[in-house]
**Student:** 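Here it is, the structure, as C-alpha cells.
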There are 2 protein chains.
Amino acid sequence: MKLSTRTRYAMRAVLELANNYGNGPLQTRIIARNQDISTKYLEQIMAALKSTGLIRSQRGAKGGYILANPPEKIKLSDVFDVFEGPVVTVECVADEKYCKRAPDCIARQVWSEVQRAVRNVLQSTTLQDVIDKAKVTKSDYQI
Amino acid sequence: MKLSTRTRYAMRAVLELANNYGNGPLQTRIIARNQDISTKYLEQIMAALKSTGLIRSQRGAKGGYILANPPEKIKLSDVFDVFEGPVVTVECVADEKYCKRAPDCIARQVWSEVQRAVRNVLQSTTLQDVIDKAKVTKSDYQI
DNA sequence: ACTATGCCTACTACTATAATAGGAATAGTA
DNA sequence: TACTATTCCTATTATAGTAGTAGGCATAGT
C-alpha cells in the first residue's frame, strides 16, 4: 500500500498554493522547481486538480494557480481523493453490493476499520492545520 | 490507494486458518473453494505467508496449513506486512534519509499521520479479535 | 509583436499485478 | 508397493497503471 507519485506531488503542490494564498497566482514552473518535480508532469496534475474545482487557474503571462477556497476550508481528503479516490482499501467497504460475500465477510470488517482510520485523519485536517503545525515545529527548532 | 488482491486473499486465508485453529491442517484447495479464490494463485500466496514464518505447512496427503501461533498472538499487521510492507504511505516516513527534503517537508507530516493511523489499527488487532467481533455481530442478528 | 503561461493530446518505457500452467517432492493409506 | 492428495518450485503471460516525455495551441500581459 503505497501512495502514487501523483498524489504526493498533488499534495505538495496544493500545500505550496496554501502557503502562497493571498499573494496571487503561483506558476507550475515555480512549484515544480521548488519541489523538484517535472514541470510537464505537474502540469497534468494541476489540470486534474483544477477539473475537480479544488484550484483555479489564470491563463497567460503572470498567470498560474490559486486555491479555489482558503486553506482552512480545504480538507486533506479533498486533495487525496482526486487521485486515490474515496476508497482507501477495498470497494466492498463502500459498496456492499460489490461482492455477494460482503455481509458475512469478516475480512471486510478489517478493511472497514482501516479505511475509517485513514479517512478520519484526512477529513479532520485542513491545509491550514498542516501549515500551522509546520510553523510550530520550525519555531521549536529555533529555541 | 487500494489493497492488492494478494493482501486481501492472504487476510481471508489467514482468517480461515484462525477459525480452524486446533483442528489440524487446512488445505489450500478448501480455502480456495470457501473463499472463491484461484487455487493455484492461492498456493503462491500461502508459500509467501509461510516464508515469513506466519504459517506452517504439512506436506503430502492430509497435509495443509496451520497458523504458526495461536490467533490471539497474531496481529493483523503481521499479515498485512507480508505483501504491503511496513510502509503504508511513502518511504520517507520510515526513512528520513530517503529524501533530502524530508526534514522540512510538510507533506511528509501528513503521510506520517496517515501511516500512524493505519498501523495503529493493524497492530492493535489480532486475528482472534476479528473472529470474536464477527461472532458478536452474528448473535446480534439472531436476537 | 513578443513572451510567459495554462491547456490539450498523443506517445512510451517500465513495472506490478493477477493470474495460468506444468510438474517434482512428499506423506499418508490401501 | 502402488496410489493419491497434497505442498513446493518455476516459468510464462495478458493487462493495466504509473510516471513520465513531447509538441504545439490558446490566451493574457507588456
Side-chain angles (χ1 to χ4, degrees), chain A residues 1-13 16-17 20 24-68 82-85 87 89-91 99, chain B residues 1-13 16-17 20 24-68 82-85 87 89-91 99:
Chain A
M1 191 150 98
K2 227 174 293 165
L3 293 167
S4 68
T5 301
R6 278 183 310 197
T7 296
R8 297 188 288 114
Y9 289 177
M11 188 65 77
R12 283 153 65 185
E16 286 253 332
L17 292 184
N20 192 61
L26 193 59
Q27 294 82 36
T28 300
R29 187 174 50 86
I30 304 293
I31 298 173
R33 197 186 53 200
N34 288 353
Q35 296 286 336
D36 267 326
I37 298 174
S38 146
T39 303
K40 275 298 196 179
Y41 193 34
L42 186 57
E43 268 185 13
Q44 295 173 38
I45 291 167
M46 300 306 276
L49 292 172
K50 191 198 165 189
S51 76
T52 69
L54 201 67
I55 63 179
R56 289 202 200 117
S57 67
Q58 171 151 358
R59 302 186 66 169
K62 303 261 169 126
Y65 292 94
I66 56 170
L67 293 181
V82 174
F83 294 111
E84 304 290 333
V87 172
T89 51
V90 200
E91 273 87 353
C99 169
Chain B
M1 192 150 94
K2 226 173 295 165
L3 293 166
S4 67
T5 302
R6 278 184 311 197
T7 295
R8 297 188 290 111
Y9 288 178
M11 188 64 79
R12 284 154 63 185
E16 286 254 330
L17 293 185
N20 192 60
L26 193 59
Q27 295 81 40
T28 301
R29 188 174 49 86
I30 305 294
I31 299 174
R33 198 187 54 200
N34 288 353
Q35 296 287 334
D36 268 325
I37 298 174
S38 147
T39 303
K40 277 299 199 179
Y41 192 35
L42 185 57
E43 270 184 14
Q44 296 172 38
I45 291 168
M46 300 306 275
L49 292 173
K50 193 200 163 187
S51 76
T52 68
L54 201 68
I55 64 180
R56 291 203 197 115
S57 67
Q58 170 151 357
R59 302 184 68 169
K62 304 261 170 128
Y65 292 95
I66 56 169
L67 293 182
V82 173
F83 294 112
E84 304 291 334
V87 172
T89 51
V90 201
E91 274 87 353
C99 169

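Per chain, numbering begins at 1; letters A, B, ... match sequence-line order.
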**Student:** Can you check side-chain contact (heavy atoms from CB on, under 4.5 Å) on Glu91(B) and Lys2(A), steps first, answer last?
**Tutor:** CA-CA 9 Å; Glu91(B) 274 87 353; Lys2(A) 227 174 293 165; 3.0 Å; yes
**Student:** Take the protein atom CZ of Arg12(A) and the nucleotide atom P of dA19(D), then report the distance between them rounded to whole Å.
**Tutor:**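 Rounded to the whole Å, the gap is 12 Å.
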**Student:** Using side-chain heavy atoms (C-beta onward) and a distance below 4.5 Å, is Leu26(B) in contact with Tyr65(B)?
**Tutor:**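 A side-chain contact under 4.5 Å is absent here.
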**Student:** Can you see if the side chain of Thr5(A) gets near the phosphate of dA19(D) - specifically, an N or O under 4.0 Å from OP1 or OP2?
**Tutor:**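 Yes, within the criterion.
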**Student:** May I have the step-by-step check of side-chain contact (heavy atoms from CB on, under 4.5 Å) for Thr28(A) and Thr39(A), ending in yes or no?
**Tutor:** CA-CA 7 Å; Thr28(A) 300; Thr39(A) 303; 4.1 Å; yes
**Student:** With respect to the phosphate group of dA5(D), does any side-chain polar atom (N or O) of Arg29(B) fall under 4.0 Å of OP1 or OP2?
**Tutor:**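 No, outside the criterion.
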**Student:** Pull out every residue in residues 31-49 of chain A that has a heavy atom closer than 4.0 Å to any atom of DNA chain C, ordered by number, or say none.
**Tutor:**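 Output list: Lys40(A), Glu43(A), Gln44(A).
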**Student:** Please report, rounded to the nearest Å, how far the C1' atom of dG17(D) is from the CD atom of Glu84(A).
**Tutor:**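 Atom CD in Glu84(A) sits about 12 Å away from atom C1' in dG17(D).
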**Student:** Please state whether the phosphate of dT5(C), meaning OP1 or OP2, lies under 4.0 angstrom from any side-chain nitrogen or oxygen of Thr28(A).
**Tutor:**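 Checking Thr28(A) against dT5(C): no side-chain N or O falls below 4.0 Å of OP1 or OP2.
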**Student:** Distance check needed: dA16(C) P versus Met1(A) CE, whole Å only.
**Tutor:**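 Atom-to-atom, Met1(A) to dA16(C), this comes out as 18 Å.
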**Student:** Can you sort out the partners of Glu16(A) under side chain to side chain donor-acceptor pair (under 3.5 Å), two or more places apart, ordered by chain and number?
**Tutor:**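 Glu16(A) satisfies side chain to side chain donor-acceptor pair (under 3.5 Å) with Asn34(A), Gln35(A) once adjacent residues are dropped.
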**Student:** Give the intermediate values and the outcome of side-chain contact (heavy atoms from CB on, under 4.5 Å) for residues Met1(B) and Met1(A).
**Tutor:** CA-CA 7 Å; Met1(B) 192 150 94; Met1(A) 191 150 98; 3.6 Å; yes
**Student:** Might you list the N or O atoms of the protein lying below 3.5 Å from N or O atoms in nucleotides 26-30 of chain D, with each pair's distance?
**Tutor:**
| unit_1 | atom_1 | unit_2 | atom_2 | d |
| --- | --- | --- | --- | --- |
| dA26(D) | N3 | Arg59(A) | NH2 | 3.3 |
| dG29(D) | OP1 | Gln58(A) | NE2 | 3.0 |

**Student:** Whole Å only: how far is the CZ atom of Arg56(A) from the C1' atom of dT5(C)?
**Tutor:**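 From Arg56(A) CZ to dT5(C) C1': 19 Å.
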**Student:** Taking atom C1' of dA5(D) as reference, at what distance in whole Å does atom CG of Leu26(B) sit?
**Tutor:**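 About 14 Å, once rounded to whole Å.
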**Student:** I'd like to know whether Leu17(B) forms a side-chain contact (heavy atoms from CB on, under 4.5 Å) with Ile31(B), so could you lay out the CA-CA distance, the side-chain angles of the two residues, the decisive distance to 0.1 Å, and finally the verdict.
**Tutor:** CA-CA 9 Å; Leu17(B) 293 185; Ile31(B) 299 174; 3.9 Å; yes
**Student:** Please examine the side chains of Ile55(B) and Ile66(B), heavy atoms only from C-beta on, and report whether any two atoms are closer than 4.5 Å.
**Tutor:**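 When only atoms from C-beta onward are counted, Ile55(B) and Ile66(B) do not touch, as no gap falls below 4.5 Å.
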**Student:** Report yes if the side chains of Phe83(A) and Leu3(A) come closer than 4.5 Å at any heavy-atom pair, otherwise no.
**Tutor:**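 Not touching, per the 4.5 Å side-chain cut-off.
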**Student:** If we ignore angles and hydrogens, is there a donor and acceptor under 3.5 Å between the side chains of Glu84(A) and Thr7(A)?
**Tutor:**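 Result is yes, a qualifying pair exists.
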**Student:** Rounded to the nearest Å, what distance is computed from the CD atom of residue Gln27(B) to the C1' atom of nucleotide dG28(C)?
**Tutor:**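 Result: 12 Å.
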**Student:** Taking any heavy-atom pair under 4.0 Å as a contact, classify Tyr9(A): base, sugar-phosphate, or nothing.
**Tutor:**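 Sugar-phosphate contact only.
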